[in-house]
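The figures here come from the full heavy-atom set of this structure, side chains too, leaving out hydrogens, waters and symmetry mates.
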Amino acid sequence: MSGTPTDPEPQLSVHPSSPPEPEGGLQPPSLLQPPVPTQDPPHTTQIQQTQNTQTQIHQTQIQESNPGLQHQVKAVWINHRRKLLLFGFSLCAVILGLIYYKHHNPQHRRTNQESKVTPCLSPACQWASARLSSSADPFTQPCDYFLSSCGSDRLSPGGRGRLRGQGIPGHPQNPKEETAWTERRGQSAERDNRGLREEEALDRKTVLLQYLRGILESNHSAGSAAEQKARGFFHSCLDTRSIETAGAEPFLTLIQKLGGWAVSGQWNRTDMNSTLSLLMRDYATFPFFNLYVGKDPNETPPGSTKRYIQIDQPDLLIPIEWNIRTLKSQANAQMLRPFLASCQRYLALLGAPPSSSMHHVWTFISLSSELAVAAAPLQHRLASGRLYERITLRDLQTKAPAIDWLSCLRAAFHPLPLTEDDHVLLHNSLYIQHMSRIISKWLKKHEPSTSPVHTFMVLNLLHTLMPALDSRFSDTENNLSVALGHTGGVAPRWKRCVLETERGFHSVLTHLLSERTAHREAEEIIENIFSSFKSKLHELNWTDAKSFQSVMKKVTVDTRGFFSNYVQLLSMWQRRLSQLLAEQAEAADILSVTPILLGDELLFPMGMFVPPLFHPSYPRAMHYGVMGFRLAKDILHLILPDISSQSDTVLAVGECVWGHYLTVTEGAAFSLSAAQQQELWLQYSALKITLQAYRQSLRNDPSDTSISGLSHTRLFLTSFSQLNCNSDPYREFMPLESSFLITVLCAESDLCPAGLQCPNQTQQHSLHTC
């Protein structure tokens, strides 16, 4: 400092000298230490006081002899004070900046959310947490997961997954990507060894059937008598030991109840129409034609709820094929040999004498072949205008006199008071007339003692009751199915038992399912999804106002022993048709797992909202990420099947999403079909609709729970990414994995977890929003 003497600057205050600091330097500076009391002798104290007094006198003398020095000392102190003030202001600014950063930084907000989320500890949530923990986390490996088929661990060449582009002509699957798969193969094997590879995801219908199975297997002794009957039927269906022990005897007893049959040589020669009425009423068996109940699409005015009995050609047991040259059906010659063998096997199991069984088999095949001539595939009948032909029962009796139509239909739909003036709908009038002529001919042609028409009806009854017979019959049926080229496989026993129970105890299962459905949670998610969907409709750039108005009309929402048992079930199932015909009201399909568009009204069946996809204790983030997305996607497919021709927004968004994918994968650009662009727009829109609906739900009630410590938005996106590892009926139109839509969504939002950018790739901020 200028003007400062070269002598040491005098001290402003004098402190008692302190003991020397230890070499270790562990003690704080002496100024921060409290004074240490000493026991100095009085002589030493006097000396110190004398020295202090001399020092003060010396300072006073110096100040008097040099008055400018006092001003210098004040200037130095003021300068230090200014520096201290400046440092204090700087420190306050830094602290305020940190506070602002913490409260306004999205990443910090997400961190706070993760630390503040309330865990869900229900058994259902613990199961879901374990499932998520055993799956690949999409946000820890975004470069792999969002480009893969259900996670990078499934992309190894030996795995079952595939890139979407592999099914698209011209898609660039370059060697660089193949190298990446090879490098990750070791990681994949490690995951497999830990047992992290999940089984193939179940489709929605199987999930529902499993849930119904759990209801039927539960032992609720306090249930109603109807519930106990339903559970008893289900358990008797699973009791294969008793079924095997009974063998063919139950069916042989039933044949005797019907008056016997010519195959055994014991037959009471019952009337053909009497036997047919009995089969239709008590056993839901229709050998010569099929019966349905439904509306007439040509009904005026449109929207009528009236239902009609509908009569169609039967499902003939003999394998037939359509001859496009003659426009007639005929028996498939190549399949006749295995069909003949199966018929012989059935008669042998029923105790038919070998000497006469071949005769009965040939007459059965011959009658079946003649009936098949007039049968026609649906497309041909539709093109030739054979569907929904309205006719009175009186006129039908004139057209096909071999069948006593009024008596048979009265038996099938008892106790409805049918008359000859009631209308029915025919779906193949030519077949009905042909069938009547064939039956009349065979009744006159053959001896009453042989009665191939009666044998034909009994063998059709055998086919109806096949699920209730022992494994020898089902094995014969399966062998024929394989010989005919049907490779669908055999459904597990429990699934068939659930389906059969539903046929006869539909109302009981509907009640049981309704009791267990979280109605409030389901209604809340439906309302929010649909509200978000309607908002999306207004955002579209419609080609004309008429298209928009026609779509808006649709957006109305309505949220509402085994053999003996099986025989009773068939009768109950037939009574369901009678009830449907009488009530003239839409019957809820308990096995439906997708929304139904009924006129201009959307119906959401209860079967959609069952575990493990939906549970009342789940966090709403999971509900929306899983069920919410499915609802939004189903609604869009149902209400906007032709949206690409109604709005140019679809093309623009589809190209934008596809551009994101090509940029990240560094692939060569090529065009998508209109169907692929529409599916891209639809699934991306469904994700945005669902996220908007979930955010609205959080605004209404911020107290959502979570699992695995994930923030609400991250749990939503993680649940969504896991869902799309499941089967999707629209896979063929989706050119990329649905989970990749997360990266497109996150490119325009700060809601997503950090770390979605891949190294050496185009940065996310350079991609425009879709």
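Salt bridge annotation for E299-R390: present, with a cationic side-chain nitrogen under 4.0 angstrom from a carboxylate oxygen. Under 4.0 Å is where a charged nitrogen must lie from a carboxylate oxygen, and between R493 and D239 no such pair does. With salt bridges taken as basic N to acidic carboxylate O contacts below 4.0 Å, one links K399 and E389. Of the charged side-chain nitrogens involved, none lies within less than 4.0 Å of a carboxylate oxygen, so that R496 and E500 do not count as a salt-bridged pair.
In this structure, CG on L216 lies 10.0 Å from CD on E227, to the nearest 0.5 angstrom. Taking CG from L276 and CZ from F286, the interatomic distance works out to 9.0 Å, rounded to the nearest 0.5 Å. The line from CG of L425 to CZ of R307 is 12.5 Å long, rounded to the nearest 0.5 Å.
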Going through the checks in order, is the salt bridge (charged side-chain N to carboxylate O under 4.0 Å, His left out) test met by E217 and R231?
-> CA-CA 7 Å; E217 288 180 341; R231 289 191 172 95; over 6 Å; no
Please step through ring pair (Phe, Tyr, Trp, His ring centres under 6.0 Å) for the pair F288 and F456, ending with a clear verdict.
-> CA-CA 9 Å; F288 305 112; F456 180 88; 5.4 Å; yes
Under the side chain to side chain donor-acceptor pair (under 3.5 Å) criterion, do H427 and Q313 qualify, and how do the steps go?
-> CA-CA 7 Å; H427 293 303; Q313 64 188 35; over 6 Å; no
Please report the C-alpha distance between F364 and L347 in whole Å, then the side-chain angles of each, then the deciding distance to 0.1 Å, and finally whether the side chain to side chain contact (heavy atoms under 4.5 Å, CB included) criterion is met.
-> CA-CA 12 Å; F364 173 72; L347 292 186; over 6 Å; no
Go through the steps for D312 and R381 under the test salt bridge (charged side-chain N to carboxylate O under 4.0 Å, His left out), then give the verdict.
-> CA-CA 11 Å; D312 198 358; R381 286 181 283 151; 2.7 Å; yes
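Smallest separation of non-hydrogen atoms from K633 and L682: CG-CD2, 3.6 Å. In plain terms, the two heavy atoms of A376 and N428 that are nearest each other are N-ND2, 3.8 Å. The two residues S329 and A372 make their nearest non-hydrogen contact at CB-O, 3.0 Å. Closest approach of M335 and A483 over heavy atoms only: SD-O, 3.7 Å.
With hydrogens and angles disregarded, a donor-acceptor distance shorter than 3.5 Å links the side chain of T464 to the backbone of N460. At distances below 3.5 Å, at least one donor-acceptor pair connects side-chain atoms of S440 with backbone N or O atoms of S436. With D422 contributing its side chain and T419 its backbone, the two residues share a donor-acceptor pair below 3.5 Å. Using modelled atom types, one side-chain atom of Q310 and one backbone atom of K295 make a donor-acceptor pair closer than 3.5 Å. Between the side chain of Q678 and the backbone N or O of P641, at least one donor-acceptor pair lies under 3.5 Å. Panel note: side chain T285, backbone M280; no donor-acceptor pair is recorded below 3.5 Å. Proximity of a side-chain donor or acceptor of H434 to a complementary backbone N or O of L430 within less than 3.5 Å is not detected. Put simply, the side chain of T275 gets close to the backbone of D271: a donor and an acceptor are under 3.5 Å apart. Although no hydrogens or angles enter the test, the distance criterion places a donor-acceptor pair under 3.5 Å between the side chain of H454 and the main chain of G260.
Side-chain contact annotation: D395 with T392, donor-acceptor N/O pair under 3.5 Å present. No donor-acceptor contact under 3.5 angstrom links the side chains of Q210 and T206, judged on distance only.
Ring geometry for H380 against W322 counts as tilted: the plane angle lies between 30° and 60°, on a 0 to 90° scale.
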Donor-acceptor pairs under 3.5 angstrom involving side-chain atoms of residues 467-476: please list them, not counting sequence neighbours.
{"residue": "D470", "atom": "OD1", "partner": "R472", "partner atom": "N", "Å": "2.9"}
{"residue": "D470", "atom": "OD1", "partner": "R472", "partner atom": "NE", "Å": "2.8"}
{"residue": "D470", "atom": "OD2", "partner": "R472", "partner atom": "NH2", "Å": "3.2"}
{"residue": "S471", "atom": "OG", "partner": "E244", "partner atom": "OE1", "Å": "3.1"}
{"residue": "S471", "atom": "OG", "partner": "E244", "partner atom": "OE2", "Å": "3.0"}
{"residue": "S474", "atom": "OG", "partner": "S471", "partner atom": "O", "Å": "3.0"}
{"residue": "T476", "atom": "OG1", "partner": "R472", "partner atom": "O", "Å": "2.8"}

N/O donor to acceptor pairs below 3.5 angstrom from side-chain atoms of residues 402-415, sequence neighbours left out:
{"residue": "D404", "atom": "OD1", "partner": "S407", "partner atom": "N", "Å": "3.4"}
{"residue": "D404", "atom": "OD1", "partner": "S407", "partner atom": "OG", "Å": "3.3"}
{"residue": "D404", "atom": "OD2", "partner": "S407", "partner atom": "OG", "Å": "2.9"}
{"residue": "W405", "atom": "NE1", "partner": "A400", "partner atom": "O", "Å": "2.9"}
{"residue": "R410", "atom": "NE", "partner": "L418", "partner atom": "O", "Å": "3.0"}
{"residue": "R410", "atom": "NH2", "partner": "L418", "partner atom": "O", "Å": "2.9"}

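Not a single salt bridge (Lys or Arg N to Asp or Glu O under 4.0 Å) links D315 to another residue, sequence neighbours left out.
Within 6.0 Å of the CD1 atom in I324, the count of heavy atoms belonging to other residues, nucleotides or ligands does not exceed 12. The neighbour count for K328 NZ, taken as heavy atoms of other residues, nucleotides or ligands under 6.0 Å away, does not exceed 12.
Relative to the six-membered ring of Y308, K306 meets both conditions, a distance below 6.0 Å and an angle of at most 45° to the axis.
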